[in-house]
Amino acid sequence: MDWKTKEKIIKYILLIFAMSSIMFLIGIVIVLFREGLPIFYKIGIIDFLFGQEWYPTYDPASFGILPLISASVLVTLGAMIFAVPIGLSTSVFISYIMPKSIKNFIKPIIELLAGIPSVIYGLFGMKILGPFLKDIFGLPTGLTALTASIMLGIMALPTIISLSEDAITSVPKKFRDASLALGGTRWETISKVILPTASSGIVTSIMLGMGRAIGETMTVLMVAGGASAMPEGILKPVRTMTATIAAEMGETPVGSNHYQALFGIAIVLFIITLSFNIIADLTRKRFYKKVSGK
Amino acid sequence: MKETNIDYRHLKQKVIFSLLGITLCVVLLILAVIIYFVVKRGIGVISWEFITAMPKNGMTEGGIWPALLGTFYLVIGAIIFSTPLGVFAAIYMTEYAKKGRLVSIIRIGVNNLAGVPSVVFGLFGLGIFVKLLGFGVSLLSGSLTLAIVILPTIIRASEEAIITVPDEYRNASLALGATNWQTVKNVVLPNAMPGILTGVILGIGRVAGETAPIIFTAATFFTMRLPSSVFDEVMVLPYNIYALVTAGTFPSKQIPIAYGTAFVLLLLVLLINLVAVGLRLKFSQNKR
């Protein structure tokens with residue numbers, strides 16, 4: 001075989017490998033829809049999405065996932081209220097105020113937060129944060145939407161800090177120099193020049209942090225309390241979409257309505273996280289355009 | 001006017017900078033508190049027997065050896081599947097593909113795969129490996145599922161590592177008459193190896209701690225025997241922690257075991273991450 005054909009063959013083999021991510025993504029869509037789509041016909045898409053009762057094992061069973069969606073949204077928004085201000089100000093501090101020598105040391109430490117397994121966050125939430133909140137608010141149980149929000153917020157921090165920091169540092173130096181030369185203080189330069197320029201990069205980091213929070217499973221399964229009724233408040237136990245799938249899939253017969261409904265939840269979850277990721281991709285592109293000036 | 005007074009503006013800056021510094025301290029404090037909690041509650045449980053013994057009396061006594069071994073096997077399995085896949089994908093994207101639509105579609109695929117919730121990977125593994133391919137709840141199904149979970153990490157790290165290899169190296173090799181593939185194999189890959197290895201190690205850390213993808217594909221709470229084939233169910237560290245604290249029947253005896261397991265898992269994951277960070281630092285120094 002001459003080298004040209006060999007090169008060509010290698011190129012096509014590598015292309016197949018490169019397509020693997022897309023094939024897996026398509027595979028996930030096929031599996032989810034094949035197993036989960038029938039429930040949308042049986043229940044009706046409106047009743048499934050907006051039904052307020054999730055009693056999958058009752059007779060007759062009811063498969064309304066609005067409580068689960070609401071719980072996921074509640075817990076994720078709660079996490080963001082906590083994680084966005086802390087994450088953003090930390091990233092500003094690391095990227096613009098801290099000396100570079102310390103920064104190189106601090107950044108890996110913060111990335112360690114991302115490395116801690118979610119069960120360990122769950123354990124911490126169950127045994128330390130939960131009882132602590134229970135005492136403070138005088139609750140019957142410490143496993144609530146608030147507990148889950150705080151834990152998810154902590155888990156989203158490294159994503160938000162690390163990506164915002166990248167966005168802030170990739171704002172061209174001349175922007176900063178121009179502002180300082182005009183007599184702006186460092187803070188004025190950050191708040192009026194750097195942050196507005198980096199804003200779409202920061203939005204990317206928040207979207208990805210949200211995606212991580214809404215898709216997180218083990219921690220919410222362990223700390224959110226698990227009540228599948230409509231969430232009545234931040235201090236009540238709730239059950240998210242992810243936790244429902246993880247908790248109930250093991251005990252349901254393959255192919256049953258309940259099984260299909262769990263895959264149906266996964267479809268909804270997948271669409272939500274996919275849209276977060278697409279928005280993140282779009283804002284990321286906008287950011288690069290802005291920074292590179294093209 | 002206040003806004004033009006330079007002293008006022010500097011004071012304002014000082015106050016705000018201090019506040020920002022405090023938030024960083026809060027973040028570091030959270031990390032410290034979590035590690036302190038796991039170490040404090042877990043370290044007393046650790047002994048040689050705890051690491052190397054089989055569990056006894058329905059997971060109320062004895063050690064965590066099978067879970068440790070199960071985690072080890074899953075990690076090895078996932079790395080075997082995902083490393084070649086990820087590295088070859090990265091080679092295509094950096095060395096072969098022309099910049100354009102195809103590469104950006106592939107990149108969108110990688111980014112979106114990275115954002116898929118871990119429990120959805122679990123359902124995918126259940127649908128494909130456990131059911132359709134008939135591997136059952138097994139080491140094999142779990143490894144394959146986890147391999148897909150870490151694929152984006154490995155692709156990105158490999159891509160980054162390959163891009164940092166200077167073009168002079170490639171041109172020198174090509175000028176000597178080497179083909180594109182020979183250049184990749186003999187010049188680019190050896191130089192990118194430390195970066196690729198960093199990505200693989202980060203992947204190992206992730207696999208060791210993942211729970212949701214293996215609940216329905218590989219994990220079992222309690223088994224009396226060690227896995228003897230790839231079609232066996234396995235005990236794994238993170239799932240054990242979850243099961244012990246949520247479904248344990250003797251909390252007073254099982255919660256301490258959960259803490260001990262958490263300590264071992266955290267230590268493992270932190271060490272793995274430390275190795276990756278060290279490798280990255282060493283690599284970036286060599287480059288300079």
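A note on names: the letters A, B, ... follow the listed sequences, proteins ahead of strands, and every chain is numbered from 1.
At a threshold of 4.5 Å between non-hydrogen side-chain atoms, the residues A:L123 and B:Y259 count as touching. Two residues are said to be in side-chain contact when any heavy atoms from C-beta on lie closer than 4.5 Å; A:P117 and B:L265 meet this criterion. Annotation: side chain of B:I106 is in contact with side chain of A:M19 (closest heavy-atom distance under 4.5 Å). Proximity of B:F17 to A:W187: side-chain heavy atoms (C-beta onward) are separated by under 4.5 Å at one or more points. Counting heavy atoms from C-beta outward, A:I110 and B:L24 have side chains that approach closer than 4.5 Å. Contact annotation: the side chain of B:L28 approaches that of A:I106 to within less than 4.5 Å [non-hydrogen atoms, C-beta and beyond]. Using a 4.5 Å heavy-atom threshold, the side chains of B:I16 and A:F93 count as separate. Between A:S89 and B:L19 the shortest side-chain heavy-atom distance does not fall below 4.5 Å.
Looking at B:L102, only its side chain comes within 4.5 Å of chain A, counting heavy atoms on both sides. Interface remark: B:V137 contributes no atoms to any contact with chain A (heavy atom separation under 4.5 Å). Neither the backbone nor the side chain of B:R107 comes within contact range of chain A; no heavy atom of the residue lies under 4.5 Å from a heavy atom of that chain. Residue B:I155 touches chain A through its side chain alone, counting heavy-atom pairs closer than 4.5 Å. If you measure heavy-atom distances from B:I215 to chain A, the contacts under 4.5 Å come from the side chain alone. In this structure, the portions of B:L123 lying under 4.5 Å from any heavy atom of chain A include both its backbone and its side chain. B:V119 touches chain A through backbone and side chain together, each having a heavy atom under 4.5 Å away. Neither the backbone nor the side chain of B:I272 comes within contact range of chain A, judged by heavy atoms closer than 4.5 Å. At a 4.5 Å heavy-atom cutoff, B:I22 makes no contact with chain A through either its backbone or its side chain. With a 4.5 Å cut-off on non-hydrogen atoms, B:Y96 touches chain A through its backbone and its side chain both. Using a 4.5 Å cut-off between heavy atoms, B:Y239 makes no contact with chain A at all.
Ranking A:G215, A:P85, A:P108 against chain B, the residue ahead of the rest is A:G215, based on heavy-atom pairs under 4.5 Å. Ranked by heavy-atom pairs under 4.5 Å with chain A, the first of B:V110, B:T179, B:V103, B:T246 is B:T179. Annotation: maximal heavy-atom pairing with chain B below 4.5 Å, among A:V254, A:I245, A:I278, A:T242, occurs at A:I245. Considering only heavy-atom pairs separated by less than 4.5 Å from chain B, the leading option among A:I28, A:I22, A:T273 is A:I28. In terms of non-hydrogen atom pairs under 4.5 Å with chain A, the most contact-rich of B:V120, B:I35, B:L202, B:I148 is B:I148. Listed options A:I120, A:I86, A:I267 were ranked by heavy-atom pairs under 4.5 angstrom with chain B; first place goes to A:I120.
A side chain to side chain contact (heavy atoms under 4.5 Å, CB included) with A:F24 holds for exactly one of B:L85, B:V149, B:V116; it is B:L85. Just one residue in the list B:V38, B:L31, B:V269 forms a side chain to side chain contact (heavy atoms under 4.5 Å, CB included) with A:I116, and that residue is B:L31.
The contact list for residues 6-15 of chain A toward chain B, using heavy atoms and a distance under 4.5 Å, reads A:E7, A:I10, A:K11, A:L14, A:L15 by residue number.
In summary, the side chains of A:D281 and B:N111 do present a donor paired with an acceptor at a separation below 3.5 Å, with no hydrogens or angles considered.
The two residues A:L25 and B:G109 come nearest to each other via the heavy atoms CD2-O, 3.9 Å.
Rounding to the nearest 0.5 Å gives a distance of 9.5 Å between CE of A:M218 and CD of B:E210.
Using cut-offs of 30° and 60° for the angle between ring planes, the A:F124 and B:F37 rings count as perpendicular.
Ionic pairing of B:K131 and A:E35 is present here: one or more N-O contacts between side-chain nitrogen and carboxylate oxygen are shorter than 4.0 angstrom.
Listed for the B:Q13 side chain is a donor-acceptor partner under 3.5 Å among the backbone atoms of A:R186.
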